[in-house]
Each structure stands twice: as C-alpha cells, then as structure tokens.
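Below is one structure, written out as structure tokens; the observations come after it.
Reminder, nothing fancy here: chain letters follow the sequence lines and each chain counts from 1.
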Amino acid sequence: MQTRARPNRLGIRGWVVGGRWGFERYLYTLHRLSGLGLLAYFVMHIFVTSTRAIGPESWDQAMSAVSGPLFAVGEYLVFAAFAFHAVNGIRLGAIELGFAVGRPIEPVYPYETSVGRQRRLARAVLMIAFVVAVWGGLDFFAWK
Amino acid sequence: MTETTTRQVTFDVRRYEPGTDAEPHWESHRIDVLPGMTVLDGLWKVKELSAPSLAWRSSCRMGICGSCGMLINGRPRLACNTQIAELKSDVVAVAPLPNFSIIKDLVPDLRPMFETHRELMPYLIRDDVEEQDDPTREYWQTPHELEHYLQFSYCIKCGCCMAACPTVATDPQYAGPMPLGQAQRYDADSRDGGFAQRREALSGGRGPWRCHFAGECSQVCPKGVDPAKAIQLMKGEMVADLLRLRKRRAPAPLVEPPKGPRREEIPAAPERTVTEA
Amino acid sequence: MRDRTLWTWHIGAGLVILVLLGLHMTIMHLSATLGFLGVADAEPTEWASVAARAGSLFFTLTYVLLLGAALYHGFYGFRNILMELDPGRTLRRVIDVGLSVVGLALFAFGTWAALAAPGAATMGG
C-alpha cells in the first residue's frame, strides 16, 4: 500500500449517537452518564458529611448549606440515577457473567440474538427503575 | 412480487480518493431500480453508468465471503445481502464501514482486525502437533459439544460488528467483537486446550472487559453469529476460572480406530497428493 | 490478567453497594415508606440521629464498607471510560496512579470521618 489509509473512527459520537437500533445502546449510554453523576455526587457527599467528625455545629452548618428546594431536587435526581444504575446494573451483571444471554444456538434466519433474548429483562429494568423513581418522588415531595 | 415497474432511487455514495481528496465527500447518482435488486447491484449500476472509478470490495454476491460490508443508510450491512426495497427509502446512502481506515471510496482497511484475530490464536491448540500436521483420525466430539461453538463458527469476518461497536469507536486497543467472538469459538471447542494461552493473549486493554453490552454487534451481524453472546460467555468462563470454579477438561482424544475387517464395498483412500516439504 | 481481577472486584463491589446503598437511600430519603413499614424514625439528618448512628457499630462498619466499595466501583468505572478514550502510554499511567491515589485519599478521609465522630462506637465513648 503506497498511500496511507484515512482514519475513519467514529470517536465519542459512536458512544452517544448510535443513531441505530437496539435500545440497549441507550441503556449503555445512560448507565455511563448516571454512573458519572453518582460518582461526582458521592465525592461531594463525602466532604459534606465528614463535617460530622468536627461536631454538631459544623454538621448543622453543612446541612443548612445544602438545604432548599434546589438541593432537594438534586438529591432526588441522585436517587433516580441510583434507581436506574442499580437495576440496570443487576441486568448487566447477569448478562456479563454469561447467565442471561442464552446458550449458543443454530443461527437460522430470522436470527435470534442474545440482545433479543434479554430484551424482556431490559424492559423490566426500565419499568422497575421507573416505579422506584416515581415511588421515591412521592416520598421525597408528596408524603410529608 | 407483483411490482414489475422500475423506480428511481438516489444512491448517495461516500467517495474518497487517497492522495487527491483531503476529505471524503458525498456524491449523488440516480439510477433505475428493478424489484429484487440489492445494494450491490445498485453499486454496479452506478459504476457502469456514471462513476467508473468507484471502488468497493465484493466477491460472492451471496453473503458468504464477507467482502462487501458497508454502512448502508446508517447501519453496517452486507451490500449483497441487502435488498434496496427493504430499506424503504428513495435514498440509499452508502459509506465505508466506520472504525476502519479508508483505503479508497468504500474500501475499508480491515488489516488491524485480522492482525488481532490472528493474535488471539483462532485455531485448535493441542499438544499432539504431529497428529495435527499429519492427521490419522478424527478428534472425538459429540453433537452436543459441537453446539457449544457452532454458532460462532459461522462468522465470515466482514467487520460489520466492529463498525457498530461503541468501544471500537474510540479504543483501538480493544480487540473488538469479531476477534473476541472467534477466540471464544475455540475456547468453547471440546477439542481445544488453549484456554490458558488465549487468556494471557487477552490481558490488558484488548480483553472482553471493555465490552459493556451495548448489543450493536449482534444486532448488525449478517450471519446471526451473535458476538455479544460469545463475549459474555467468555467473561463468565474467565471469572469462573479466576474463582477456580471452571471445570478443567483435557482436549478431546482421537476416536478409536475402527475394529473388525474392512467392508469390501468401501473403496480405499486415494493416494496422498501432498507430501512433506 | 490484572484486568480480569479488577473487573471481578467491580462486580462484587456493585453487589455490596446494591445492598448497602439501597439501605442508606431508604433510611435517608424514604421516611414515609419507612413509616408505612412501621419503622418511623426521627428526621435522619438531625444531629441527634446522626450521633445515634455514629454510636452504632453496625452503621460505622457499613459506612466504611460502603465507602470503600463505592469508591472502588466508581473509580474503576471512571477509569474504564477514560481508558476507552485511548489515552497515550504516559497518560494511562497518570490515570492509573492518579485515580488510585485520589481514591485511597478519599477512603482514608471518609474512614476518619466515620470513626472520629463525637461519641463514635469505635472511640470507646
């Protein structure tokens, strides 16, 4: 080959805008985003709650600094992200250890894939995460 | 089936001429399409009528050789295995498979994929080298054991899975669905004894741990090979091996030589045509 | 085979988090739900509740366990994302060392905060 081939890698576009089929692709993206959000919150959370080591005054000071409707909504978002990340994490664990993908089969058209096989699981994940998030929303904001 | 008239379809083809073009660009061609025409047929027509220098790779026209993987209307598919009618659009956009470098027009450079494939040792690894070089009998394998890997052995190495994988989109170290699926194909073969060797070859960033089951590879595979399934099964086996839960087995032995007198109606094997170099 | 071991711990840590963070979220945020279950509690962020939990060996131990598991799980996941962006050789090393140091520092700091709280179970008071 005399001329060097031209690179054609999709880059991060390939992570986010799959633009193609399977909704598992979007669960993958959402799992990453919720994970990053949870990690960012968690690091802040360590610092905020560590004030309790100093004593009641600094604890109350920290708590009043993170009170108010904006923080309440933020905390709820963390709760919802946890609900999704946890339930989807159970699905991924089951799949990635080889349990929920089925055995190898004879590929006969129209092909049945492991993705199709776990689709009911994926739908259940969304349903359960949604129910937990709604339940949490009611507990956070309505059932006082 | 009832449609007999031709219709006009626009073929948007992504062109790139190395040495001349700085960037790939899209080129439009309108062609008449008959019922039953595949995208590959359409490309031949475009080449015949308006773009004689258009380049792509194709050979068998029947989804066996794995040459004509392309990005067709945003999805990696085989051009010969895709009916224009099934796209349900008057525009057919054809681009080279992403995540591979472009050699020219629709020709991707598949070499990095094949190099990784080779490095993961896609062949039976056994101690009886002489028997493999100069086979005398078959290795023992039940139909049930065959099913453990048969699906993965249908792979035609077209590269569609690599073009669909989000990890391959950014990470050149990751082996990708095809080589990993083929490594699992041999790991799952009862005649093979190379699990430990392949496990070492899979260390570092190329291994199956970079797969997060976005599932695209299995959705686009034109042969139903389901690389995502192979990769998850591989992860399960490797974790079981780490936790010392994996069943160890010796590679299948040779079948017993037939006993009793040879039946007369069976002709003798022909003379060897290949002798040792 | 370091990657295999790291990944397996990632899954294990995920399981620990699932249980402990589920418990933590329920206690901290789902007060009405706890009320339905008959486990009505004082406002969990009041100092009195905080001090009570700090005095409990169960809470102290699970805090430290959850802290470690969550930091490992989160930083390994973050490392995955960074590594898949194909950093160069040196940058990979920086990411590995950097995330390990930051993670261990946060673990040490968080453990101190869990153990040093006034009236903490481990302080003997």
### Minimum heavy-atom distance between A:Glu24 and A:Ala122, given as atom pair plus value
OE2-CB, 4.0 Å
### Query
With only heavy atoms counted, which part of C:Tyr63 is less than 4.5 Å from chain A, the side chain, the backbone, both or neither?
side chain
### C:Leu71 portion near chain A, given a 4.5 angstrom heavy-atom threshold
both
### Query
Where is the tightest heavy-atom contact between C:Pro87 and C:Ile95, given as atom of each residue plus distance?
CG-CD1, 3.8 Å
### Query
Is the shortest heavy-atom distance from the side chain of C:Ser31 to the side chain of A:Asp139 under 4.5 Å?
yes
### Task
Please examine the side chains of C:Thr45 and C:Val50, heavy atoms only from C-beta on, and report whether any two atoms are closer than 4.5 Å.
no
#### Entry: Residue-level interface, residues 99-120 of chain A with chain C, non-hydrogen cut-off under 4.5 Å
none
### Summary
Nearest heavy-atom approach of C:Thr60 to C:Ser56 is OG1-O, 2.8 Å
### A:His31, part contacting chain C, at a heavy-atom distance under 4.5 Å
neither
#### Entry: Option that, when pairs with chain A are counted at under 4.5 Å, heavy atom only, ranks first among C:Asn80, C:Leu18, C:Leu15
C:Leu18
### Message
Only heavy atoms, only distances under 4.5 angstrom. Which residues in residues 60-96 of chain A are near chain C?
### Response
A:Asp60, A:Met63, A:Glu75, A:Val78, A:Phe79, A:Phe82, A:His85, A:Ala86, A:Ile90, A:Glu96
### Message
Between C:Ile27 and C:Phe59, is there a side-chain heavy-atom distance shorter than 4.5 Å?
### Response
yes
#### Entry: Test side-chain contact (heavy atoms from CB on, under 4.5 Å) applied to C:Trp9 and C:Tyr76, step by step
CA-CA 9 Å; C:Trp9 279 103; C:Tyr76 176 82; over 6 Å; no
### Query
Hey, are C:Arg2 and C:Asp96 close enough for a salt bridge, meaning a charged N less than 4.0 Å from a carboxylate O?
yes
### Message
Could you report the tightest heavy-atom contact between A:Phe23 and A:Arg123, atom names first, then the distance?
### Response
CZ-N, 4.1 Å
### Query
If you measure from OG1 on C:Thr62 to CZ on C:Phe58, what distance do you get to the nearest 0.5 Å?
4.5 Å
### Message
Using side-chain heavy atoms (C-beta onward) and a distance below 4.5 Å, is C:Asp86 in contact with C:Arg92?
### Response
yes
## Note on the structure
Most heavy-atom pairs under 4.5 Å with chain A, out of C:Val102, C:Leu67, C:Thr26, C:Ile11, belong to C:Leu67
### Query
Does the ring pair (Phe, Tyr, Trp, His ring centres under 6.0 Å) test come out yes or no for C:Tyr72 and C:Phe107, once each step is laid out?
CA-CA 9 Å; C:Tyr72 177 77; C:Phe107 181 68; over 10 Å; no
### Contact leader toward chain A among C:Phe109, C:Phe78, C:Trp112, C:Phe75, where contacts are heavy-atom pairs under 4.5 Å
C:Phe109
### Task
Look up atom CG in C:Leu6 and atom CZ in C:Arg79, then write down how far apart they are to the nearest 0.5 Å.
6.0 Å
#### Entry: C:His24 versus chain A, the contacting section by heavy-atom distance below 4.5 Å
side chain
### Close side-chain approach of A:Leu30 and A:Tyr26, heavy atoms under 4.5 Å
no
### Task
Please state whether the side chain, the backbone, both or neither of A:Ile46 comes within less than 4.5 Å of a heavy atom of chain C.
both
### Message
Is A:Ile12 in contact with chain C via its backbone, its side chain, both, or neither, using a 4.5 Å heavy-atom distance?
### Response
side chain
